[in-house]
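First up is the structure itself, then whatever we jot down about it.
Each residue takes its place number in the sequence, starting with 1. From a predicted model like this one, the values you see are computed outputs, not experimental measurements.
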Amino acid sequence: MEDDAPLPDETHLAALAPRFLAAAEQRAAGKVDAAIEGFQAILLIEPRLAEPRLELGRIWLEFGRLEDAEAEAREAIRLLTLGGQWTEEVPEHVLLSLGWALLGEILKEKASTDEVVFGDPEVFRDLLEQSRAAFAQAAALDPTDTASQMNALELGDGVLGGPEGD
């Protein structure tokens, strides 16, 4: 089966749902290591699920593991774009918006690291532009996502070196 193929029927995934909920509950209870193990175990069984990747991306962001966070967020967005949404509780456009917002947060955080701030100005500007674009995409997908709207505006031309006072 190809990596870009649609997800198999629901019977294949039904057994993973309780494991996903258990990992989410562990994360909420502060048992982050157990949650990570749970999400990773799900992905070992079915690597084409976006939702565990979004959860791992958020955890890696919180731990400052920005490369890992970015990789998970980008893969989740890719899978969701291919129609790989697993959960039915969250509308498709909202889940994809959450993926783009997560990526925006990760890129914004990467831009604030010492290596980037005190490094090549072009890398700094590029990360901020990518972050702004990710937040704009999130806001376009979910107009109720005011945080992404605000982040996209905050990272607009004035922050990126454009005309001041716009």
Side-chain angles (χ1 to χ4, degrees), residues 4 6-7 10 13 16-17 20-30 32 35-36 38-40 42-43 46-113 116-117 123-166:
D4 291 348
L7 291 176
E10 291 298 315
L13 303 175
L16 297 178
F20 180 82
L21 292 175
E25 288 171 5
Q26 288 169 325
R27 181 169 177 237
V32 181
I36 291 168
F39 293 130
Q40 289 175 331
I42 291 167
L43 290 173
E46 182 51 79
R48 295 171 294 169
L49 295 177
E51 292 84 339
R53 292 187 181 284
L54 291 174
E55 294 293 333
L56 285 169
R58 172 66 56 198
I59 291 169
W60 297 145
L61 172 60
E62 291 169 2
F63 282 162
R65 290 179 51 178
L66 301 179
E67 295 301 324
D68 292 330
E70 182 179 356
E72 293 293 358
R74 287 189 185 280
E75 181 62 6
I77 290 167
R78 186 186 75 80
L79 292 168
L80 289 168
T81 302
L82 292 171
Q85 181 170 343
W86 178 28
T87 60
E88 295 178 6
E89 293 79 20
V90 179
E92 186 176 330
H93 72 283
V94 173
L95 192 60
L96 186 54
S97 173
L98 291 171
W100 282 107
L102 175 61
L103 181 60
E105 288 180 58
I106 294 163
L107 296 170
K108 186 176 176 182
E109 187 66 25
K110 282 180 78 171
S112 73
T113 63
V116 174
V117 170
V123 171
F124 176 73
R125 282 191 286 278
D126 183 54
L127 281 170
L128 288 180
E129 174 53 30
Q130 287 182 54
S131 178
R132 186 209 57 76
F135 283 125
Q137 183 66 30
L141 286 163
D142 182 5
T144 66
D145 182 358
T146 56
S148 287
Q149 291 172 12
M150 293 299 295
N151 274 300
L153 287 172
E154 174 186 296
L155 294 169
D157 287 338
V159 172
L160 296 176
E164 297 296 324
D166 286 338

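The minimum heavy-atom distance between Ala23 and Phe39, with the atom names listed, is CB-CE2, 3.5 Å. Between Pro143 and Gln149, the shortest heavy-atom distance links the atoms O-NE2, 2.7 Å.
Here the CD atom belonging to Glu51 is positioned 6.0 Å from the CZ atom belonging to Phe20, to the nearest 0.5 angstrom. Here CG of Leu43 is found 4.5 Å from CZ of Arg53. Values are rounded to the nearest 0.5 Å.
Within the 4.5 Å cutoff, the side chain of Val32 has heavy atoms near those of the Phe63 side chain. Between Leu96 and Ile77 there is a side-chain heavy-atom pair separated by less than 4.5 Å. With a 4.5 Å cut-off on side-chain heavy atoms, Leu79 and Leu49 do not count as touching. For the pair Leu155 and Phe135, the minimum side-chain heavy-atom distance is below 4.5 Å.
At least one donor-acceptor pair under 3.5 Å links the side chain of Ser97 to the backbone N or O of Ala138. In terms of modelled atom types and a separation under 3.5 Å, the side chain of Gln85 and the main chain of Val90 share a donor-acceptor contact.
Within 6.0 Å of CD on Glu92 lie no more than 12 heavy atoms contributed by other residues, nucleotides or ligands.
Taking Glu89 as the reference, nothing meets the salt bridge (charged side-chain N to carboxylate O under 4.0 Å, His left out) condition, with sequence neighbours excluded.
Residue pairs meeting the salt bridge (Lys or Arg N to Asp or Glu O under 4.0 Å) criterion with at least one member in residues 140-149: none, sequence neighbours excluded.
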Output side-chain donor-acceptor pairs under 3.5 Å for residues 98-110, partner residues at least two apart or in another chain, one line each.
unit_1 : atom_1 : unit_2 : atom_2 : d
Glu105 : OE1    : Arg58  : NH1    : 2.9
Glu105 : OE2    : Arg58  : NH2    : 2.9
Lys108 : NZ     : Asn151 : OD1    : 2.7
Lys108 : NZ     : Glu154 : OE2    : 2.8
Lys110 : NZ     : Glu67  : OE2    : 3.1
Lys110 : NZ     : Glu70  : OE1    : 2.5

Would Asp68 and Leu56 count as a side-chain contact (heavy atoms from CB on, under 4.5 Å) if you check the C-alpha gap in whole Å, the side-chain angles of each, and the deciding distance to 0.1 Å?
CA-CA 9 Å; Asp68 292 330; Leu56 285 169; over 6 Å; no

